[in-house]
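Data block below; observations after.
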Number of protein chains: 2
Amino acid sequence: MKMKSHCPINYSLEHFGDRWSLLIIRDLMFNGKRHYNEFLESGEKISTSVLGDRLKHLEEVGIISKGKDKIKKSRIKYSLTKKGINMLPIMLDMVCWSGQYDNKSDVNNVFLAKINTEREMLIQSTREKLEGEHLMD
Amino acid sequence: MKMKSHCPINYSLEHFGDRWSLLIIRDLMFNGKRHYNEFLESGEKISTSVLGDRLKHLEEVGIISKGKDKIKKSRIKYSLTKKGINMLPIMLDMVCWSGQYDNKSDVNNVFLAKINTEREMLIQSTREKLEGEHLMD
DNA sequence: CTGTATCCTTAGGGATACTG
DNA sequence: CAGTATCCCTAAGGATACAG
């Protein structure tokens, strides 16, 4: 991958600056999704070819990892890496920002207020939850 | 613009989820750029047609506004709106996240540490600076 | 200086079928 | 269930010229 620059904003863009990657990360981070078919079912209707491509790219850049499901060994499971979990503040800020302006937002105001007033605590507790679920796989 | 969903992450993506918009916002927010030709000069080498398109889109969705330069009335000046300035936490988190992983990053460690330890103060002071520069145009 | 307009090329993406 | 492979179409983007 040829980088356009070494600006940190551009670095972010090279990792997840497309129309789909953040939706996959959202599903892993907030919606408990871990399997290929679950990503396909999300409201934005990603296609199989695009999903395959983005999963591969996100794994290559170290944001997600791929493993076998502990319970059902034949099933494949995706997890956030530490690098992926560390995107939590970015994701929460986006939810918060959108919540201010989208009157049709899916997010309720209680949660929005919580991001604002208890941001650090919320990040900490969510991080612990994610690290328990994802990193231990 | 037809929205794929009302998820807040998707709302963000519909606003600035492409390879160029965040670079323009970055230039307005951190690099003091305000004019068409200044955006063209940035390291990522945006083309005139793409720049024109993104400026129009960002204005339509209310993130930037367009006005005449106070000093030189013939010159056109772009500013962040309140909605644009409110993206500051998102942008700082991206800088912070990238700074952890990009060893060639343009950002120095002092600034990174500052984002982490004095986040709220840094946001507040930067916001005041931006509101002075941009909103009063 | 701030844009459009045009032309052309490439990348992104939807639909569908197929495979281990 | 978790993907590839293919086909085809559209959107995105680079280069350049030109206009107000």
Side-chain angles (χ1 to χ4, degrees), chain A residues 1-5 9-10 13-25 27-28 31-61 64-80 137, chain B residues 1-5 10 13-25 27-28 31-61 64-79 137:
Chain A
M1 179 167 57
K2 191 185 161 293
M3 304 263 285
K4 284 205 227 295
S5 76
I9 296 297
N10 188 58
L13 289 171
E14 310 252 6
H15 277 68
F16 50 78
D18 65 272
R19 281 294 277 108
W20 296 104
S21 294
L22 286 182
L23 300 175
I24 297 171
I25 294 165
D27 284 344
L28 284 163
N31 299 332
K33 304 197 176 184
R34 311 295 277 279
H35 305 285
Y36 193 89
N37 64 323
E38 296 174 318
F39 301 127
L40 286 177
E41 288 158 8
S42 289
E44 295 85 7
K45 296 294 164 206
I46 192 170
S47 68
T48 57
S49 42
V50 178
L51 177 58
D53 181 76
R54 293 314 127 92
L55 287 173
K56 189 179 300 180
H57 177 250
L58 288 173
E59 194 188 0
E60 281 169 1
V61 298
I64 68 174
S65 67
K66 191 176 172 175
K68 296 199 187 308
D69 198 299
K70 281 260 167 53
I71 323 287
K72 220 180 162 184
K73 291 260 293 177
S74 66
R75 202 167 187 207
I76 284 166
K77 183 161 152 186
Y78 291 93
S79 309
L80 291 168
D137 295 335
Chain B
M1 176 168 57
K2 191 186 161 293
M3 304 262 287
K4 283 204 228 293
S5 76
N10 188 58
L13 289 171
E14 310 253 5
H15 277 68
F16 50 77
D18 65 271
R19 280 295 277 110
W20 296 103
S21 293
L22 287 182
L23 300 174
I24 297 171
I25 294 166
D27 284 344
L28 284 162
N31 299 333
K33 303 196 175 183
R34 309 295 276 277
H35 305 285
Y36 193 89
N37 64 323
E38 295 174 318
F39 301 127
L40 286 177
E41 288 160 7
S42 288
E44 295 86 6
K45 295 293 162 207
I46 192 169
S47 68
T48 58
S49 43
V50 177
L51 177 59
D53 180 77
R54 292 316 128 91
L55 287 172
K56 189 180 301 179
H57 176 250
L58 288 173
E59 194 187 2
E60 281 168 1
V61 299
I64 68 175
S65 69
K66 191 175 171 176
K68 295 199 187 306
D69 198 299
K70 281 260 169 48
I71 324 286
K72 221 180 164 185
K73 290 262 291 178
S74 65
R75 204 171 186 202
I76 284 168
K77 183 162 151 186
Y78 292 93
S79 308
D137 294 334

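Treat the numbers as computed from the prediction; the structure is a model and nothing was measured. Computation of the quantities below employed the complete heavy-atom set of this structure, encompassing side-chain atoms and omitting hydrogens, waters and symmetry-equivalent molecules. Here is the naming used below: chain letters follow the sequence lines, and residue numbers restart at 1 for every chain.
Applying the side-chain hydrogen bond (donor to acceptor under 3.5 Å, both in side chains) test to B:Lys33 and every residue at least two apart in sequence or in another chain returns B:Ser42. With sequence neighbours left out, A:Glu41 forms a side-chain contact (heavy atoms from CB on, under 4.5 Å) with A:Asn37. Taking B:Tyr36 as the reference, nothing meets the ring pair (Phe, Tyr, Trp, His ring centres under 6.0 Å) condition, with sequence neighbours excluded. Remark: B:Ser79 engages B:Arg34, B:Ser65, B:His134, B:Asp137 in a side-chain contact (heavy atoms from CB on, under 4.5 Å) (not counting sequence neighbours). Every residue two or more places apart in sequence or in another chain was checked for a side-chain hydrogen bond (donor to acceptor under 3.5 Å, both in side chains) with B:Asp53, and none qualifies. With sequence neighbours excluded, the residues that form a side-chain contact (heavy atoms from CB on, under 4.5 Å) with A:Lys56 are A:Glu60. For B:Asp18, the salt bridge (Lys or Arg N to Asp or Glu O under 4.0 Å) partners are B:Arg54, not counting sequence neighbours. Evaluation of the side-chain contact (heavy atoms from CB on, under 4.5 Å) rule for B:Lys72 yields B:Ser74, B:Arg75 as partners, not counting sequence neighbours.
The interatomic distance linking B:Lys56 (NZ) with D:dA12 (P) rounds to 14 Å, in whole Å. Counting to the nearest Å, the C1' atom of D:dA2 and the CD atom of A:Glu59 are 13 Å from each other. D:dG13 atom P lies 13 Å from atom CD of B:Glu44, rounded to whole Å. Rounding to whole angstrom units, CG of residue B:Leu55 and P of D:dG13 are separated by 14 Å. Between the NZ atom of A:Lys68 and the C1' atom of D:dG3 there is a distance of 13 Å, given to the nearest Å. Between A:Leu40 atom CG and D:dT4 atom C1' the separation is 13 Å, expressed in whole Å. Atom P of nucleotide D:dG14 and atom CD1 of B:Ile46 are separated by 8 Å, given to the nearest angstrom. One atom, CZ of A:Arg75, and another, C1' of D:dA2, lie 10 Å apart when rounded to the nearest Å.
In this structure, B:Asn10 CG and A:Trp20 CH2 are separated by 8.0 Å, a value rounded to the nearest 0.5 Å.
You can see that DNA chain C meets the heavy atoms of chain A within a 4.0 Å-exclusive cut from C:dG13 to C:dT16, reading 5' to 3'.
Between the side chain of A:Glu14 and the main chain of A:Lys4, a donor-acceptor pair closer than 3.5 Å is present. No donor-acceptor distance shorter than 3.5 angstrom exists from the side chain of A:His35 to the backbone of A:Tyr78, with no hydrogens or angles considered.
As judged by a 4.0 angstrom heavy-atom cut-off over every strand, A:Lys66 is placed among residues touching the sugar-phosphate backbone only.
Put simply, A:His35 has a side-chain N or O that comes within less than 4.0 Å of OP1 or OP2 on D:dA2. Phosphate contact (OP1/OP2 of D:dG13, side-chain N/O of B:Arg19, threshold under 4.0 Å): absent.
With the end axes of the helix from C:dC1-D:dG20 to C:dG20-D:dC1 each set by five pairs, the angle from one to the other reads 50° at 10° resolution.
Scanning all heavy atoms of the two residues, the minimum distance from A:Lys66 to A:Glu59 falls at CB-OE2, 3.7 Å.
Mapping A:Lys4 and A:Tyr78 onto DNA chain D via the closest heavy atom, the residue that lands nearer the 5' end is A:Tyr78.
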Sugar-phosphate or base contact per nucleotide [nucleotides 15-20 of chain D; S, B, -; heavy atom under 4.0 Å]: BB----
